[in-house]
Amino acid sequence: MTYYHPAEMIFRRAEKYKNRSAIRYRDKNRKWQKISWADFAEYVRLTSQAMIEYGVETHENIGICAQNTPECFFTDYGAYGIRAVSVPMYATSSPAQIEYIVRDSHIRFLFVGEQLQYNNAFRVQQKNGNILKRLIIFDPAIVRNPEDRTSVYMEEFLRLGDHALTETEAKIRRSNAVPEDPAAIVYTSGTTGESKGVMLTHANFLEVLRIHDLRLPEVNDSDLSMCFLPLTHIFEKAWACYCFHKGVEVAVNLDPKKIQETLPEVRPTLMCNVPRFWEKVYAGVQDKINGSSGLLQKIFRHAIKTGRRYVLDYRRTGTKPPFRLSVKFHIYDHTVFALLKKVVGLNRGRVFPVAGAPLADNIAEFLLSVNFPVRYGYGLSETSATVCFYPQTNYTLGSIGTVMPDLQVKIDPENSEILVKGKTITSGYYKKPEETAKVFTEDGFFRTGDAGRLEGETLYFLERIKDLFKTSNGKYIAPQAIELSMSGNNYIEQCIVIADNYKFVSALIIPNFEALEKYALSKNIPFEERKELIKRTEIIRFFQSIIEDCQKGFASFEKIKRFTLLPESLSKDKGEITDTLKIKRPAIARNYAAEIEEMYKD
């Protein structure tokens, strides 16, 4: 089904599916509740009309600062319905981050989720009352500040516009909507500098729906998708839009920390996610295998070997496997692999898109071998997410997939930068014409900032051009490649490479403490706390051997010469990682300046 404008989509789907469930969510009592397509459309209608009642104008920017909730969808599609623009913000945004977007996008109306978002937004409103006029609160349990005279709860807000005048105005605006209308401003995570607002139109989203229909014909209205990544992230935002387009029910995971609880309860058939999630799945499975008896380990490893041969040698290439191999694979798929997937809550999976960062080849190979239907790909906010991903068959391990239909990709001969052109590409950065000019070539291709290689329609990721380090000896280092080599190791939670302007490569290493503490106990290494454990000579020597093993394929000047073990994970609160778990290197350099200096002392 095609649409002239995404504002029509929810209403068209409601006409078809009526009382079928469109959204499910877990309430405060941990019970799963359902919202029908008819009710979804009604909420969208009421949201549109309430916005009109408040004076929201055509193409005005509307802010949303909340964790994933059904109300986020009501607000998004309610804004689309009156030709307003959705500006999402991460639920963990600080007052300073909220203030930056409010001022940059001139947001008069900001929708907030829970107490944290309300408190932060209210502080911003106190300083910027000339811009930010009202807060609309999703959670009725929020306690408002005694000085708050302007905010309103969502339930009350929805009732305000439910009358004939706003209904007529909403219908007029929907009728006047055109694909070129701005739909969203998605702010980049700012890993390399100031955050920029990526402008996306409804035409961009319409093209996303069209080309995904061509590449994902297996997705249908019997599927159930878990909405786990923040809806601020273009990957989840575009994927949820595609799910609604296909009539897929969307289960909203409100609290990211509860995903291990909610996955087995929902058992989704679809879920988009970042590699970090799958790295943890891989580490957990490896830990389970290593902790099993000798006989079980032998069975696990034979099952994985069988799966690798069946999936990668035959199913991937579209060729018929030998009969005996098929029988063995199907036995393992219904026993060993089914057990592994059931523990995670993904035993009904059919399509699991993976993007947002590089996925190590050995992890991708393992996941495919045990029959997790991952579809690894690549994209950016500026490309409305997907540039390429693995098709069902004839994909190449080590690549980032085949290019999407009707999207042009080429490689800059000067620096191997991936250049992209097509109907999904942003028109530019909000109120930043100079920045916009920098990222487009003379013939209209978008500069991704990533180096790659193109073989036919298959794209390979090489490195982040902006992340390239140059040592004081003049050697160029690609830190992501080194960090990626460590990602499959069960004892390493995270590796952050240091090298820019230094004479050799060093690293900050965050251990997987659950695995490391088990190792220490098995080797009778005494410790009382983590800070003590990471200073033990035996542990440092153990990590030296791990690091050497992981970087066997690197040149001498690329290898980590010194490292420091850290006692805790990187922190969003300290600005060390983004909400999508990308490393913010400038913040890490500041926060761990003493540790870095110590590694280069001699």
Side-chain angles (χ1 to χ4, degrees), residues 1-20 22-23 35-64 66 69-88 105-112 131-138 140 150-185 199-206 209 240-241 244-245 247:
M1 183 181 288
T2 57
Y3 314 97
Y4 181 69
H5 195 284
E8 304 171 35
M9 183 168 66
I10 304 305
F11 297 102
R12 295 274 290 277
R13 284 305 180 207
E15 289 170 6
K16 179 177 181 179
Y17 295 116
K18 299 181 175 63
N19 292 322
R20 273 186 59 172
I23 298 171
I35 298 171
S36 70
W37 280 100
D39 287 341
F40 186 9
E42 180 68 0
Y43 280 123
V44 170
R45 179 185 73 82
L46 291 172
T47 303
S48 288
Q49 291 175 205
M51 287 180 179
I52 289 172
E53 180 71 15
Y54 265 26
V56 174
E57 299 171 358
T58 300
H59 296 174
E60 180 171 349
N61 298 330
I62 302 298
I64 306 172
T69 67
E71 288 83 0
C72 289
F73 292 127
F74 307 159
T75 307
D76 263 349
Y77 290 93
Y80 298 162
I82 61 164
R83 305 178 71 196
V85 184
S86 168
V87 184
S105 295
H106 201 86
I107 289 171
R108 295 194 297 153
F109 304 104
L110 177 58
F111 292 76
V112 295
I131 301 173
L132 184 55
K133 300 299 183 184
R134 282 186 183 272
L135 305 179
I136 298 94
I137 304 167
F138 291 159
T150 61
S151 67
V152 61
Y153 291 102
M154 185 71 169
E155 187 177 346
E156 180 185 352
F157 173 76
L158 292 176
R159 291 198 299 268
L160 293 173
D162 192 13
H163 57 78
L165 290 176
T166 54
E167 184 177 14
T168 301
E169 176 63 20
K171 287 179 178 178
I172 292 170
R173 291 205 200 178
R174 239 183 350 259
S175 298
N176 289 332
V178 293
E180 291 70 32
D181 280 335
I185 299 174
M199 297 187 292
L200 298 174
T201 66
H202 290 289
N204 292 141
F205 284 113
L206 288 169
L209 304 183
C241 184
F244 290 139
H245 160 68

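The figures here come from the full heavy-atom set of this structure, side chains too, leaving out hydrogens, waters and symmetry mates.
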Drop me the distance from [X]'s [atom1] to [Y]'s [atom2], to the nearest 0.5 angstrom.
X: Ser105; Y: Met199; atom1: OG; atom2: CE; result: 10.5 Å
X: Glu155; Y: Leu160; atom1: CD; atom2: CG; result: 11.5 Å
X: Ile82; Y: Asp181; atom1: CD1; atom2: CG; result: 11.5 Å
X: Lys171; Y: Thr166; atom1: NZ; atom2: OG1; result: 10.5 Å
X: Leu110; Y: Lys133; atom1: CG; atom2: NZ; result: 14.0 Å

pair [X]-[Y]: side-chain heavy atoms closer than 4.5 Å:
X: Leu206; Y: Pro6; value: yes
X: Arg13; Y: Phe40; value: no
X: Phe138; Y: Val112; value: no
X: His245; Y: Leu209; value: yes
X: Ile64; Y: Ser86; value: yes
X: Leu132; Y: Ile107; value: yes
X: Arg83; Y: His59; value: yes
X: Val87; Y: Ile62; value: no

Is it true that Arg108 and Glu60 make a salt bridge, defined as a side-chain N closer than 4.0 Å to a carboxylate O? yes
Give a yes or no on whether a salt bridge exists between Glu42 and Arg45, defined as a side-chain N under 4.0 angstrom from a carboxylate O. yes
Take Asn19 and Trp37 through the test side-chain contact (heavy atoms from CB on, under 4.5 Å) and record every step on the way to the result. CA-CA 6 Å; Asn19 292 322; Trp37 280 100; over 6 Å; no
Mind checking ring-ring contact (aromatic ring centres under 6.0 Å, His included) for Tyr80 and listing every partner two or more places apart, or none if nothing turns up?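 Applying ring-ring contact (aromatic ring centres under 6.0 Å, His included) to Tyr80 gives Tyr77, His202.
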Residues in ring-ring contact (aromatic ring centres under 6.0 Å, His included) contact with Phe109, at least two apart in sequence or another chain: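 If we apply the ring-ring contact (aromatic ring centres under 6.0 Å, His included) test to Phe109, skipping adjacent residues, the hits are Tyr54.
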Determine, stepwise, if the pair Ile185 / Val85 fulfils side-chain contact (heavy atoms from CB on, under 4.5 Å). CA-CA 7 Å; Ile185 299 174; Val85 184; 4.0 Å; yes
For [X] versus [Y], what's the shortest heavy-atom pair and its separation?
X: Phe11; Y: Ala41; value: CE2-O, 3.6 Å
X: Gln49; Y: Ala170; value: CG-CB, 4.1 Å
X: Phe74; Y: Ile23; value: CE2-CD1, 4.4 Å
X: Ala66; Y: Cys72; value: CB-SG, 4.0 Å

Identified side-chain contact (heavy atoms from CB on, under 4.5 Å) counterpart of Phe111 within the set Met154, Arg134, Glu71: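 Going through the options one by one, the only one that passes is Met154.
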Say whether His106 and Asn61, considering side chains only, have a donor N or O and an acceptor N or O under 3.5 Å apart.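 Looking only at side-chain atoms, Asn61 and His106 do not form any donor-acceptor pair under 3.5 Å.
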Heavy-atom donor-acceptor pair, [X] side chain to [Y] backbone, under 3.5 Å:
X: Glu53; Y: Gly161; answer: no
X: Asp162; Y: Arg159; answer: no
X: Asn176; Y: Arg173; answer: no
X: Thr47; Y: Gly78; answer: no

Derivation and outcome, side-chain contact (heavy atoms from CB on, under 4.5 Å), residues Leu158 and Tyr153: CA-CA 9 Å; Leu158 292 176; Tyr153 291 102; over 6 Å; no
Hey, mind stepping through Phe73 and Tyr43 against ring-ring contact (aromatic ring centres under 6.0 Å, His included) and telling me if it holds? CA-CA 9 Å; Phe73 292 127; Tyr43 280 123; over 10 Å; no
